[in-house]
Amino acid sequence: MPQSKKYLSEYFSFTRKERTGIIAVLTLIVLFTFLPFLFPFLISSKPVDHTAFEKEIAALNVKTSDSSKAFEKRNYDDNDVHYYRSPEKNYYSKESKGELFYFDPNSLTADGWKRLGIRDKTIITIQKYLAKGGKFYKPGDISKIWGLHEDDVHRLMPYIKIPGHDLATQKKAGSDRTYEKPAFSTAIIDINKADTAVFVALPGIGSKLASRIVAFRDKLGGFYKIEQVAETFALPDSVFQKIKGRLAITTPGVKKLNINNATIDELKLHPYIRYNIANAIVQYRTQHGGFSAVNDIKKIMMITEDIYSKAAPYLSIE
């Protein structure tokens with residue numbers, strides 16, 4: 001026998017134990033392959049009790065029906081947001097309404113709105129509207145307030161009295177009450193001297209806006225041009241354009257900051273400077289000595305032409 005055939009014969013020949021092992025492995029493979037198909041024959045299934053199942057479904061339907069009776073269906077209304085109501089309490093029932101009295105919606109306080117039965121969220125909406133320069137010119141204007149229910153609009157309108165409204169005479173408790181048109185000031189006012197009462201006399205300016213204008217002026221150290229009033233927080237441009245012709249600066253001069261000795265804390269309080277600019281000014285001064293002119297601060301890279309033009313009138317070197 002050639003040597004190569006001898007090697008092949010020895011390679012493919014198996015001992016008795018090896019043949020037994022191979023047969024056992026093949027048997028297990030075949031068994032596990034067909035085992036899933038034998039389960040239905042090996043495991044007996046219990047019959048399904050359809051009667052008990054139907055009883056459980058019927059009991060569940062009864063519970064669902066009983067629990068749904070505790071709430072009415074939700075009512076959607078474009079004018080307001082409603083919540084699920086229980087039969088015992090209707091949130092818009094007549095019994096839950098506040099008291100009725102004659103009022104001016106432009107000057108009524110939050111407590112006054114609450115007495116009328118208006119919800120807190122709606123009161124906040126009204127106050128924000130007025131703070132931004134909004135105004136009610138006729139009773140029907142309250143229908144524009146988001147969140148004010150239609151029932152409340154109809155309930156309150158007969159009791160709204162707005163000074164200057166076309167209805168010069170309105171009834172109150174069986175007597176006549178006549179209102180004059182609002183006495184807005186037509187005089188030119190000095191924006192550096194006027195207090196909040198003077199600003200309130202301007203059209204579109206409420207007490208909050210008046211306070212903000214005065215507070216902004218105090219932080220600046222005075223106005224050097226009328227357009228600065230428009231920078232007041234939450235002052236609408238439409239309102240500023242309306243009052244611009246009534247504003248003037250008859251008192252010259254603003255409070256100045258000495259950039260050669262002012263501290264970072266003093267400088268950063270100014271609305272046009274803030275901390276990063278204040279720190280840069282002090283650091284530059286420390287490294288290069290005092291400033292010989294106000295425009296020397298333009299050598300600081302972060303001070304742009306816009307920042308300089310706004311802040312320069314408030315700066316000095318003496």
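Residue indices begin at 1 and follow the sequence shown. Every heavy atom of this structure was used, including side-chain atoms; hydrogens, water molecules and symmetry mates were not.
- The side-chain heavy atoms of Ile297 and Ile259, taken from C-beta on, include a pair separated by under 4.5 Å.
- Side-chain contact between Ile277 and Leu267 is absent, with no heavy atoms from C-beta onward closer than 4.5 Å.
- Distance check, rounded to the nearest 0.5 Å: CG of Leu209 to CZ of Phe240 gives 13.0 Å.
- Of all heavy-atom pairs spanning Ala293 and Ile317, the tightest one is C-CG2, 3.7 Å.
- A salt bridge does not link Asp141 with Lys135: none of the charged nitrogens is closer than 4.0 Å to a carboxylate oxygen.
- Of all heavy-atom pairs spanning Val214 and Asp195, the tightest one is CG2-C, 4.2 Å.
- Although no hydrogens or angles enter the test, the distance criterion places no donor-acceptor pair under 3.5 Å between the side chain of Tyr129 and the main chain of Phe136.
- When atom types are taken as modelled, the side chain of Gln287 and the backbone of Tyr284 share no donor-acceptor pair closer than 3.5 angstrom.
- For Gln241 (side chain) and Ser238 (main-chain N/O), no donor-acceptor pair under 3.5 Å exists by modelled atom type.
- Annotation for Lys132: atom NZ does not count as buried by contact number, only 12 or fewer foreign heavy atoms lying within 6.0 Å.
- Judged by distance alone, with hydrogens and angles left aside, the side-chain atoms of Thr109 form a donor-acceptor pair with the main-chain N or O of Gly112 at under 3.5 Å.
- With rounding to the nearest 0.5 Å, the separation of OH in Tyr159 from CD in Glu99 is 11.0 Å.
- By the 4.5 Å heavy-atom criterion applied to side chains, Ile145 and Val153 are not counted as neighbours.
- Using a distance-only test at 3.5 Å, with no hydrogens or angles considered, no donor-acceptor pair links the side chain of Asn260 to the main chain of Gly290.
- Between Lys128 and Ile124 the shortest side-chain heavy-atom distance falls below 4.5 Å.
- A 4.5 Å side-chain heavy-atom check between Leu315 and Ile273 finds at least one atom pair inside the cut-off.
- Side-chain contact between Phe199 and Thr196: absent, with no pair of heavy atoms (C-beta onward) separated by less than 4.5 Å.
- Under a 3.5 Å cut-off, the side chain of Glu231 and the backbone N or O of Glu227 do not form any donor-acceptor pair.
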Determine whether Lys298 and Glu305 satisfy the following criterion, side-chain contact (heavy atoms from CB on, under 4.5 Å), listing intermediate values before the conclusion.
CA-CA 8 Å; Lys298 296 170 71 174; Glu305 191 63 37; 3.5 Å; yes
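- The heavy-atom pair separating Gln127 from Ala110 by the smallest distance is NE2-CB, 3.2 Å.
- With hydrophobic clusters built from ILVMFWY side chains whose heavy atoms lie under 4.5 angstrom apart, Tyr314 does not share a cluster with Ile281.
- The structure places CZ of Arg119 at 9.0 Å from OG1 of Thr125, a figure rounded to the nearest 0.5 Å.
- With hydrogens and angles left out, the side-chain atoms of Thr250 and Asp190 include a donor and acceptor closer than 3.5 Å.
- Val254 and Ile307 are not part of a single hydrophobic cluster, where members link through side-chain heavy atoms under 4.5 Å apart.
- Ring-plane geometry between Phe223 and Phe216 is classed as tilted, the angle between the planes lying from 30 to 60 degrees on a 0 to 90 degree scale.
- Summarising the geometry of Gly134 relative to Leu130, their closest heavy-atom pair is O-CD2, 3.5 Å, with the distance given to 0.1 Å.
- Note on residues 203-223: no pairs pass side-chain hydrogen bond (donor to acceptor under 3.5 Å, both in side chains), not counting sequence neighbours.
- Here the CG-CG distance, from Leu31 to Leu26, works out to 12.5 Å after rounding to the nearest 0.5 Å.
- Residues Leu257 and Val294 share a hydrophobic cluster, clusters being chains of Ile/Leu/Val/Met/Phe/Trp/Tyr side chains in contact below 4.5 Å.
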Please lay out, stage by stage, how Leu156 and Ile118 fare under the test side-chain contact (heavy atoms from CB on, under 4.5 Å).
CA-CA 10 Å; Leu156 298 179; Ile118 305 303; 3.8 Å; yes
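- At least one donor-acceptor pair closer than 3.5 Å links the side chain of Asp296 to the backbone N or O of Ser292.
- Here the closest heavy-atom approach between residue Val229 and residue Leu235 is recorded as O-CD2, 3.3 Å.
- Distance check, rounded to the nearest 0.5 Å: CD of Gln228 to CG of Asn192 gives 8.5 Å.
- Put simply, the side chain of Ile243 reaches to within 4.5 Å of the side chain of Ile205, judged on heavy atoms.
- A single hydrophobic cluster is seen to contain both Met302 and Val282, as judged by linkage of ILVMFWY side chains at heavy-atom distances under 4.5 Å, directly or through other members.
- Atom CD1 in Ile123 sits 6.5 Å away from atom NZ in Lys114 (nearest 0.5 Å).
- Judged purely by atom type and a 3.5 angstrom limit, Thr27 uses its side chain to pair as donor or acceptor with the backbone of Ile23.
- The local environment of CZ in Phe101 is crowded, with over 12 non-hydrogen atoms from other residues, nucleotides or ligands closer than 6.0 Å.
- Scanning all heavy atoms of the two residues, the minimum distance from Ile142 to Met157 falls at CD1-CG, 4.1 Å.
- Between Leu148 and Ser143, every side-chain heavy-atom pair lies at or beyond the 4.5 Å cut-off.
- Below 30°, between 30° and 60°, or above 60°: for Trp113 and Phe103 the angle between ring planes is above 60°, a perpendicular geometry.
- Classification of Glu318 and Lys256 as a salt-bridged pair fails, no side-chain N sitting under 4.0 Å from a carboxylate O.
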